[in-house]
Amino acid sequence: MNPGIRVRFAPSPTGYLHIGGARTALFNWLFARHHGGTFILRVEDTDKSRNTEEAAAAIYDGLRWLGLDWDEGPHRGGDFGPYFQSERDEIYERHLQKLKDAGRTFEDNGAVRFRSPREHVVVEDIVCGSIDFDLTNPETHPDMTIRRPDGSWIFHFVNVIDDIEMKISHVIRGEDHLSNTPKHIELYRALAAEPPQFAHIPLILNKDGSKMSKRDVGASLNTYMDGGFLPEAVDNYLALLGWSPKDDREKLALDEIVRLFELDKVNRKNASFDLEKCIWLNGEYARDLRGDRFHKLAEEALARPGIDTSKFPQTYVRAALDTCVAKFRIFSELPAYCGFYFRDDFSYNPEAVAKQFTPENMPRLQAIRDAFAALEAFDASALEATLKATAAQLGIKAGPLVHPTRLAVTGSSTGPSLYHLLEILGKEKVIMRIDRALATIS
RNA sequence: GGCGCAUUCGUCUAGUGGUUAGGACACGGCCCUCUCAAGGCCGGUGCACGGGUUCGAUCCCCGUAUGCGCUGCCA
C-alpha cells in the first residue's frame with residue numbers, strides 16, 4: 001500500500017523490554033500498519049559485553065506478546081540486514097571513510113570526532129513542530145565522538161547510518177532524543193543523505209511525575225506479562241498514553257486503533273503511567289473472555305502461586321473457573337478468588353470470622369448444614385430453595401445463612417455465586433467444610 | 001549552568017478567542033443484589049502564576065515558576 005513508509009524500533013538489549021520502549025514500538029507499528037508500510041526491528045547491540053542472545057530474546061518475547069510483528073529483523077530477515085549492529089561493522093567503516101575523505105572528522109586522543117558545521121539546525125518534527133537549534137557555539141555543543149579508541153561505535157553515528165542504509169522514512173522515538181536530533185541531521189547532511197521525517201513522542205513517567213527508570217515498579221513489560229494482564233488491554237492502554245481518538249472512547253480494539261492512528265494526533269505532554277486505570281481497562285477485556293482462552297489463562301494464573309489444577313477432572317476445573325467469568329480485573333486476582341476450589345487447607349479471613357462466626361450465627365450454620373445434608377439433588381436451584389426455606393423456618397432473611405456458609409466453605413466473604421459454588425464443590429466437601437468450621441469455632 | 005520540550009480535575013485526556021470547560025480512571029453516596037464484580041443514578045475537585053494583545057482570554061504573545069529531557073569515548 002505504501003512501500004515508501006519504513007519505520008524501525010531499535011532497542012538496545014538490556015534484558016527486558018521497558019514499558020516506554022514497548023509504547024515506542026507500538027507507535028511505530030501502528031504507524032506502519034496504518035499506512036501499509038514496513039515495521040523493522042533492529043537490535044542496537046553495540047555494547048558487546050552484554051549477553052546479547054538472552055537479552056534480545058526478552059525483546060522478541062515482549063513484542064510478540066503485544067502482537068507487534070515485525071516485517072524485517074531478527075528471525076525474519078529482509079533486504080537491509082544484518083539487523084544487529086554488532087554485525088554491521090563494514091557498513092560503518094565505509095561511511096566513516098566517506099566522512100574522513102570529506103574532511104569532516106578529526107582524531108582526539110585516539111577517538112574519532114565529527115566536526116560540526118556550526119550552524120543553526122531546524123528540526124521539523126511531526127509531533128513537536130519546528131524547532132530551531134543553535135549549534136554555532138562549540139563550548140555548549142562540542143563536536144560529537146563517533147568512534148572510540150578501541151574501535152567501537154557511538155550510538156549517534158551508527159543509528160544514523162543504519163537509518164540511511166535501511167531507508168527509514170520516519171523516525172518515531174522518545175522525546176529524550178529530541179535534543180540529539182540536530183546533531184543527527186548534521187550527520188545526514190555530511191553524508192549527503194536526506195534526513196527522515198521525525199516524530200518525537202512524549203515520555204512515560206511514574207505516577208508521581210518522576211522519570212520511569214529501570215528499577216521502578218512496572219517499568220518492565222514482564223510485570224504485565226507475568227502479572228495477569230491481557231496483551232490487548234496493555235496495547236490499548238499504551239496507545240492512550242499520548243494518543244487519543246479525539247472522542248470519548250477508551251476501549252478500542254487494536255485494529256480500530258490501527259485504522260485511526262495518526263502521528264499528528266499524538267500530544268506533546270509526558271504522561272504518568274496509571275496502573276489503576278490499566279487494571280480497569282484490563283478488566284474491561286477480561287470480562288469478555290470465555291472458553292478455552294479463558295481457561296488457559298486462568299489455569300496459568302493459578303499455577304503461579306502453586307495451585308495445580310491438573311490434579312482435578314477437566315470438567316470440574318472448567319465448571320469452577322466458569323463461575324469466575326467477569327468477576328475480576330487481572331488474572332493475578334484469581335488465585336485468591338477461587339483457590340478454595342482446589343485446596344482444602346485455606347484459612348478463614350479474620351475480619352469475616354469476627355463478623356459472621358458469631359454465637360448467634362453458629363446454630364444457623366448448623367441448621368443449614370443439616371438441611372444441605374438431607375438434600376438428594378445437590379444443584380444450585382435446589383440449594384437456593386433449601387437455603388431460603390431454612391431461613392423462613394428460622395424467621396430470618398437469607399443473609400445470616402448465606403454469609404456464614406460462604407465463609408465456612410471458601411474462607412472468604414467474597415467469591416463466586418454461592419449456590420453455584422456449592423454445587424460445583426459437591427455435597428461431600430460442602431458438608432465437610434461446614435463441619436470443620438463448626439468445630440473450629442466452638 | 002546552557003539548550004530544548006511541556007504545563008486543562010490526583011491521573012489519562014477532549015476542547016474553544018465568548019462553553020454550565022466534556023469524557024474516563026480513582027474517590028464518596030445511593031440503588032440493584034446471596035458476597036464480590038458488573039450495571040444504574042448522584043457528587044466534588046481542573047485551565048500553574050504574572051503581565052500584555054483583545055470588547056472578551058483556558059485558548060494568542062512575553063516573562064516567571066515547576067517538571068522532564070539533552071548537554072558522554074551510555075543507548
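Below, chains carry the letters A, B, ... as their sequence lines are ordered, and counting in each starts from 1. All values below come from the heavy atoms of this structure, side chains included, with hydrogens, waters and symmetry mates left out. A quick note: this is a predicted structure, and the numbers were derived from the prediction, not measured.
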Chemist: Aromatic rings A:Tyr348 and A:Phe346: how do their planes relate, parallel, tilted or perpendicular, breaks at 30° and 60°?
Modeler: perpendicular
Chemist: Please give the distance between the C1' atoms of B:C60 and B:C47 as a whole number of Å.
Modeler: 15 Å
Chemist: Is there a side-chain contact between A:Lys277 and A:Leu240 (heavy atoms, below 4.5 Å)?
Modeler: no
Chemist: Can we call the ring centroids of A:Phe261 and A:Phe27 under 6.0 Å apart?
Modeler: yes
Chemist: Measure from the side-chain heavy atoms of A:Leu418 and tell me the nearest of B:C34, B:G39, B:C73.
Modeler: B:C34
Chemist: Roughly, in whole Å, what's the span from CD in A:Glu423 to P in B:C34?
Modeler: 18 Å
Chemist: Below 3.5 Å is the cut-off: list the nitrogen or oxygen pairs between protein and nucleotides 8-12 of chain B, distance only.
Modeler:
unit_1, atom_1, unit_2, atom_2, d
B:U8, OP1, A:Lys269, NZ, 3.3
B:U8, OP2, A:Lys269, NZ, 2.4
B:C12, OP1, A:Ser272, N, 2.9
B:C12, O2', A:Leu240, O, 3.3
B:C12, O2, A:Lys277, NZ, 3.4

Chemist: Do the charged groups of A:Lys100 and A:Glu107 touch, with an N to O distance under 4.0 Å?
Modeler: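 No salt bridge links A:Lys100 with A:Glu107.
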Chemist: With a 3.5 angstrom cut-off on both distances, give the Watson-Crick or G-U wobble partner of B:C3, or none if there isn't one.
Modeler: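 Checking every strand shown, B:C3 finds its partner in B:G69, with both distances under 3.5 Å.
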Chemist: Could you tell me how far B:G44 sits from B:G23 if I compare only their P atoms? Round to whole Å.
Modeler: 12 Å
Chemist: Of the candidate nucleotides B:U35, B:A26, B:A6, which contains the atom at the shortest distance from the side chain of A:Arg268?
Modeler: B:A6
Chemist: Within the structure shown, what part of the strands sits under 4.0 Å from A:Asn180 by heavy-atom distance: base, sugar-phosphate, or nothing?
Modeler: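 Base, at least one base atom sits under 4.0 Å.
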Chemist: Return the nearest nucleotide to the side chain of A:Leu178; candidates are B:C34, B:G4, B:C68.
Modeler: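 For A:Leu178, the side-chain atoms sit closest to B:G4.
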Chemist: Is A:Pro142 touching bases, backbone alone, or none of the nucleic acid, heavy atoms closer than 4.0 Å?
Modeler: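 A:Pro142: backbone/sugar contact only, no base atoms under 4.0 Å.
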Chemist: Taking B:C32 as the reference, what is the distance to B:A37 when you measure between their C1' atoms (whole Å, please)?
Modeler: 13 Å
Chemist: Rounded off to whole Å, could you give me the CZ-to-P distance for the A:Phe157 and B:A75 pair?
Modeler: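 So the two atoms are 13 Å apart, to the nearest Å.
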Chemist: Picking from B:C73, B:C68, B:C36, which would you name as closest to the side chain of A:Ile154?
Modeler: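 Among B:C73, B:C68, B:C36, the one nearest the side chain of A:Ile154 is B:C73.
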Chemist: Taking a pair as Watson-Crick or G-U wobble with both distances under 3.5 Å, which nucleotide is matched to B:A24?
Modeler: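 When the pairing criteria are applied, B:U11 turns out to be the nucleotide that pairs with B:A24.
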Chemist: Does the structure show a Watson-Crick or G-U wobble partner for B:U53, both distances under 3.5 Å? Name it, or say none.
Modeler: none
Chemist: One pair to check against side-chain hydrogen bond (donor to acceptor under 3.5 Å, both in side chains): A:Thr181 and A:His200. What are the steps and the verdict?
Modeler: CA-CA 10 Å; A:Thr181 305; A:His200 287 91; 3.1 Å; yes
Chemist: Quick one: on RNA chain B, does A:Cys128 or A:His156 contact a more 5' nucleotide (nearest heavy atom)?
Modeler: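 Checking each residue's closest nucleotide, the 5'-ward one belongs to A:Cys128.
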Chemist: A:Ile131 side chain: which of B:C34, B:C5, B:A75 is closest?
Modeler: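 Selected nucleotide: B:C5.
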Chemist: Taking any strand in view, what nucleotide pairs with B:G17 in a Watson-Crick or G-U wobble way, both distances under 3.5 Å?
Modeler: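 WC or wobble partner does not exist here.
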Chemist: Round to a whole Å and report the spacing from NZ of A:Lys183 to P of B:A75.
Modeler: 12 Å
Chemist: Measure CG/A:Asn137 against P/B:U71 and give the value in whole Å, please.
Modeler: 17 Å
Chemist: Could you walk me through whether A:Asp379 and A:Tyr419 satisfy the side-chain hydrogen bond (donor to acceptor under 3.5 Å, both in side chains) test, starting with their C-alpha distance in whole Å, then the side-chain angles of each, then the deciding distance to 0.1 Å, before giving a yes or no?
Modeler: CA-CA 8 Å; A:Asp379 60 69; A:Tyr419 308 115; over 6 Å; no
Chemist: Within this structure, what is the CD1-to-P distance between A:Ile185 and B:G4, rounded to whole angstrom?
Modeler: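 The answer, rounded to whole Å, is 15 Å.
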Chemist: Need one value for A:Trp243: base, sugar-phosphate or nothing, where a base atom within 4.0 Å counts as base even if backbone is also close, heavy atoms only.
Modeler: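 No contact.
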Chemist: Below the 4.0 Å mark, does B:C73 have OP1 or OP2 next to a side-chain nitrogen or oxygen of A:Thr145?
Modeler: yes
Chemist: For the P atoms, the ones on B:U16 and on B:G51, what distance do you get once it is rounded to whole angstrom?
Modeler: 27 Å
Chemist: What does A:His177 touch in the nucleic acid at a heavy-atom separation under 4.0 angstrom: a base, only the sugar-phosphate, or nothing?
Modeler: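 Base, at least one base heavy atom under 4.0 Å.
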Chemist: Answer with yes or no whether A:Arg406 presents, from its side chain, a donor or acceptor under 3.5 Å of a partner atom in the base of B:C34.
Modeler: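 Counting by modelled atom types and ignoring angles, a donor-acceptor contact under 3.5 Å is found here.
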Chemist: Suppose you measure atom C1' in B:A14 against the same atom in B:C9; what distance do you get, rounded to whole Å?
Modeler: 13 Å
Chemist: Indicate, with a heavy-atom threshold strictly under 4.0 Å, whether A:Arg287 touches base, sugar-phosphate, or nothing.
Modeler: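 Sugar-phosphate, no base atom in range.
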Chemist: Base of B:C34, side chain of A:Ser417 - is there a donor-acceptor contact under 3.5 Å?
Modeler: yes
Chemist: Considering only NZ, NE, NH1 and NH2 on the basic side and carboxylate oxygens on the acidic side, decide whether A:Lys251 and A:Asp288 come within less than 4.0 Å.
Modeler: yes
Chemist: B:A38 and B:C25: how far apart are their P atoms, nearest whole angstrom?
Modeler: 10 Å
Chemist: What does B:C41 pair with, Watson-Crick or G-U, if both distances are under 3.5 Å?
Modeler: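 Checking every strand shown, B:C41 finds its partner in B:G29, with both distances under 3.5 Å.
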Chemist: Please confirm whether A:Lys427 makes a cation-pi placement over A:Phe372, using NZ or CZ under 6.0 Å from the six-membered ring centre and within 45° of the ring normal.
Modeler: no
Chemist: Check every strand shown and say whether A:Asp134 touches a base, only sugar-phosphate, or nothing at a heavy-atom separation below 4.0 Å.
Modeler: nothing
Chemist: Round to a whole Å and report the spacing from NZ of A:Lys327 to C1' of B:C34.
Modeler: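 My rounded result for the distance is 10 Å.
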Chemist: Between B:C68, B:C36, B:C25, spot the one nearest the side chain of A:Trp280, thanks.
Modeler: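 Within the option list, the nearest is B:C25.
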Chemist: Quickly work out the A:Tyr16 OH to B:A75 C1' distance and round it to whole Å.
Modeler: 12 Å
Chemist: Atom CE of A:Met144 and atom P of B:U71: how far apart are they, to the nearest Å?
Modeler: 11 Å
Chemist: Establish, with yes or no, whether the OP1 or OP2 oxygen of B:U35 is under 4.0 angstrom from a side-chain nitrogen or oxygen of A:Ser412.
Modeler: no
Chemist: Validate the cation-pi geometry between A:Arg6 and A:Phe80: distance from NZ or CZ to the six-membered ring centre under 6.0 Å, angle to the ring axis within 45°.
Modeler: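 Because its charged atom sits under 6.0 Å from the ring centre and within 45° of the axis, A:Arg6 does stack over A:Phe80.
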Chemist: Taking the minimum atom-to-atom distance to the side chain of A:Phe133, which one of B:C73, B:C25, B:C3 wins?
Modeler: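 Minimum distance to the A:Phe133 side chain belongs to B:C3.
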Chemist: Find the partner of B:U64: check Watson-Crick (N1-N3 plus N6-O4 or O6-N4) and G-U wobble (N1-O2, O6-N3) distances, both under 3.5 Å, and reply none if neither fits.
Modeler: B:A48
Chemist: Taking only the P atom of each, what is the distance from B:G67 to B:U8 in whole angstrom?
Modeler: 15 Å
Chemist: If we take the C1' atom in both B:G69 and B:U53, what is their distance in whole Å?
Modeler: 32 Å
Chemist: With a 6.0 Å cut-off on the ring centroids, do A:His177 and A:Phe155 count as close?
Modeler: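 Between A:Phe155 and A:His177, which both carry aromatic rings, the centre distance is below 6.0 Å.
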Chemist: Evaluate side-chain hydrogen bond (donor to acceptor under 3.5 Å, both in side chains) for A:Asp370 paired with A:Gln366, printing each intermediate quantity in order.
Modeler: CA-CA 6 Å; A:Asp370 293 340; A:Gln366 181 68 52; 3.3 Å; yes
Chemist: Can you tell me which nucleotide in B:A75, B:U35, B:C5 comes closest to the side chain of A:His403?
Modeler: B:U35
Chemist: What's the closest nucleotide to the A:Tyr337 side chain, out of B:A14, B:C36, B:G22?
Modeler: B:C36
Chemist: Between A:Ser130 and A:Arg148, which has a closest nucleotide on RNA chain B that is more 5'?
Modeler: A:Ser130
